[in-house]
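Note: hydrogens, waters and symmetry copies are ignored here, and every other heavy atom, side chains too, is used. Lettering of chains follows the sequences in order, A, B, ..., and the numbering in each one begins at 1.
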Amino acid sequence: MNLRSIYWIFRKEMSIYLATPLAYIIAAVFLALAGFMFYTIMLYFAQNYARMAMMGTENLDLTQEILRPFLGNLAFLFLLIVPLMTMRLLAEERRLGTIELLMTSPVRTVEIVLGKFLAGVAMNFLIYLLTIVFPLFLRLYGRPDWGPVISGYLGVLLLLMAFVGLSMFASAITSSQLVAAAVSFGMLIMLWIIGWISYAQIATGPLQRIVQYISIVDHLEDFYKGVIDSQHVVYFLSLTLLGLTLTYLATESHRWRATS
Amino acid sequence: MIEAMGLTKYYGPRAAIQNVTFSVAPGQIAGFLGVNGAGKTTTMRILTCYLYPTEGTARVAGYDILSHPLEVRRATGYMPEHPLLYHEMTVRAFLRFVAGLRGVPRRQVADRIDTVIQQCGLKEVADRIIGRLSRGYRQRVGIAQALIHDPPVLILDEPTIGLDPKQILEIRELIRSLRGRHTVLLSSHILYEVTQICDSVVVIHEGRIVAQGSLEELQRGLMAEHRLRVRFLRSADGLLTRIREVPGVLGVEALDGPAQFVLRLEPREEVVAEAIRWLSNQPWGLVEARRETLTLEDIFIQLTTGRTPVPAEEPEVQEASV
């Protein structure tokens, strides 16, 4: 594998992200929503705090009461953001035909996929990192516990890797950005809600455990608590690898394609 | 330098190309000629390792396309039919990106970019956004990106398509300037263009190679006779009968003008030389002797339809009666 090729693909994708309005608009919308969430959670916390203070207990933890629900809700927004940020990566190359330029250059398909993947993760994570202002804001008025904050961001980074990997596959199988986005919405939301089936008592026993394992939500909880469990790291990395492998196969298979 | 060996590509049950075999010698400009849909683009995509062939293989710059695709691509500059450019980049940024992809050493990148900008006449648009350039300029950016890593082999798919006449001339001039330093395979459905630029021609029709060689070879191979058009200073009685005595003559046709004839000769160069010598030794004053050759159009029509060619712009011929 040639790191230089990956770097050039990465650099090109980043420059397109930064040169087109989509990323800025998404970042602005995201921050507005995040601000609103933070505000409502703060209000709720303030009311609770006042009630608790009257009862004489003030042991409310800023991190657990504010940051944990806040970070969890933010991750949910990426169900919508990642497909929008990722849909262009391969579908647009196919629509414009520029994929031919990449695939006739001395660059391996793996390098193309990885370069684009890294750019997608970097851009999504940059947007997410903008929310660091909210924990910093808390720092002005209290003493948040930085451990869970850091592990929470790490968890979301892993989540974004899995999301981007899977969304890239959706982008690799079509030349329409809209189709790519629709397919990846479906995949990601399914991963999010698949755990619901266990509430219905339909899946029990081993099946329930499998469904529970596939479901994304349960794997994030520990990170918000400040626990970095290798089991969850492995889960997200395997999803990422699955997405990237499918993306690679979909892209490379075009060399063998049987239609003009 | 380019050697296609039995390339076959099926799209479903339909063969886009079948048993395509041809070669291009180093430093030559070869024209890849065929009507739209004949299989030119498919062949070029296989040669550039964008597609895999169903059967057969090819060697480009000494590397096999199946076993060494990266080396082939490193040695090849490719301009697809519609130049594939990132419209939001400036010309310079785009060339820098492509130079990076093609592995131009970091220290030489700036140099190479300046060179191809110069070579392709892109100086005044180097810092403009590609999406805002005219078609002619985009086409040149397409050639510039193919040249950026100074590859021994260039594969250009319809480089002049959709350009206005002035732009076409400029692009042709540019391609001609590559002769000797690069081996070029360029596809075209414009016959005239191929005769203007190329050293040799590969003709593809319905997915099969129907002819290849230099233009002269193609003409020679297809002509059953040589036609020599002659004009004399003055007419004379019995001229036609005397002309029939020219060694190697198969027939004589009198043309409209005074003392003008077409001699049909055996298809050998020596016969033509001998005929001209014989005619010029006669007292009628030979003022013009001109070979009528098949144009590429004639050759092409014959190859693709099987019809015998009639030399171009043939004026009305009357059988002379003396």
Side-chain angles (χ1 to χ4, degrees), chain A residues 1-24 88-116 118-119 123 175 177 248-249 251-260, chain B residues 9-14 16-17 37 39 41-42 44-54 68-90 93-94 96-106 109 129 131 142 145-146 148-149 151 155 157:
Chain A
M1 217 165 347
N2 186 341
L3 289 180
R4 226 185 133 208
S5 311
I6 299 177
Y7 162 76
W8 277 103
I9 301 277
F10 171 82
R11 189 178 143 156
K12 184 215 106 193
E13 294 305 334
M14 289 305 276
S15 71
I16 291 180
Y17 273 133
L18 296 174
T20 50
L22 183 68
Y24 299 101
R88 186 188 48 85
L89 285 178
L90 285 154
E92 187 69 355
E93 300 261 16
R94 196 159 298 292
R95 191 179 69 82
L96 294 174
T98 44
I99 192 79
E100 199 170 341
L101 181 87
L102 299 183
M103 292 182 79
T104 55
S105 288
V107 179
R108 292 178 183 83
T109 306
V110 187
E111 293 158 3
I112 298 174
V113 170
L114 281 180
K116 286 172 174 287
L118 292 175
M123 218 44 218
S175 57
Q177 297 194 40
Y248 169 81
L249 291 175
T251 308
E252 183 67 7
S253 74
H254 278 265
R255 292 192 199 272
W256 295 104
R257 72 198 165 150
T259 52
S260 54
Chain B
K9 175 76 182 175
Y10 276 92
Y11 291 136
R14 192 178 68 86
I17 56 171
T41 298
T42 300
M44 289 183 144
R45 283 178 164 174
I46 290 172
L47 291 176
T48 52
C49 306
Y50 178 58
L51 293 179
Y52 291 118
T54 313
H68 294 83
L70 283 184
E71 285 80 0
V72 169
R73 286 184 245 158
R74 199 166 289 130
T76 311
Y78 174 45
M79 185 181 102
E81 182 167 347
H82 304 287
L84 307 171
L85 313 165
Y86 294 100
H87 286 195
E88 53 279 88
M89 289 189 185
T90 66
F94 174 69
R96 192 173 304 126
F97 166 63
V98 178
L101 275 191
R102 309 265 168 83
V104 176
R106 198 174 294 275
V109 168
I129 303 278
Q145 63 81 21
I148 189 84
H149 53 308
I155 294 181
D157 199 354

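Only the side chain of B:Tyr78 has a heavy atom closer than 4.5 Å to any heavy atom of chain A. Neither the backbone nor the side chain of B:Ile46 comes within less than 4.5 Å of any heavy atom of chain A. For B:Met89, the part sitting under 4.5 Å from any heavy atom of chain A is the side chain, from C-beta outward, and nothing else. Only the side chain of A:Arg11 comes within less than 4.5 Å of a heavy atom in chain B; its backbone stays farther off. Within the 4.5 angstrom heavy-atom criterion, no atom of A:Glu111 approaches chain B. Contact annotation for B:Glu71: neither backbone nor side-chain heavy atoms come within less than 4.5 Å of a heavy atom of chain A.
Distance check: B:Ile17 CD1 to B:Thr42 OG1 gives 6.0 Å after rounding to the nearest 0.5 Å.
Most heavy-atom pairs under 4.5 Å with chain B, from the set A:Glu100, A:Glu93, A:Glu92: that is A:Glu100. Interface remark: of the candidates A:Lys12, A:Met103, A:His254, A:Arg108, A:Lys12 forms the most heavy-atom pairs closer than 4.5 Å to chain B.
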Trace of the side-chain contact (heavy atoms from CB on, under 4.5 Å) decision for A:Arg4 with B:Arg106
CA-CA 10 Å; A:Arg4 226 185 133 208; B:Arg106 198 174 294 275; 4.0 Å; yes
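Judged by distance alone, the side chains of A:Thr104 and B:Arg73 never bring a donor and an acceptor atom under 3.5 Å apart.
B:Phe97 and A:Trp8 have tilted rings, their planes meeting at an angle from 30° to 60° on a 0 to 90° scale.
For A:Arg88, the salt bridge (Lys or Arg N to Asp or Glu O under 4.0 Å) partners two or more places apart in sequence, or in a different chain, are A:Glu13. In terms of the ring pair (Phe, Tyr, Trp, His ring centres under 6.0 Å) criterion, A:Tyr17 has no residue partners (sequence neighbours excluded).
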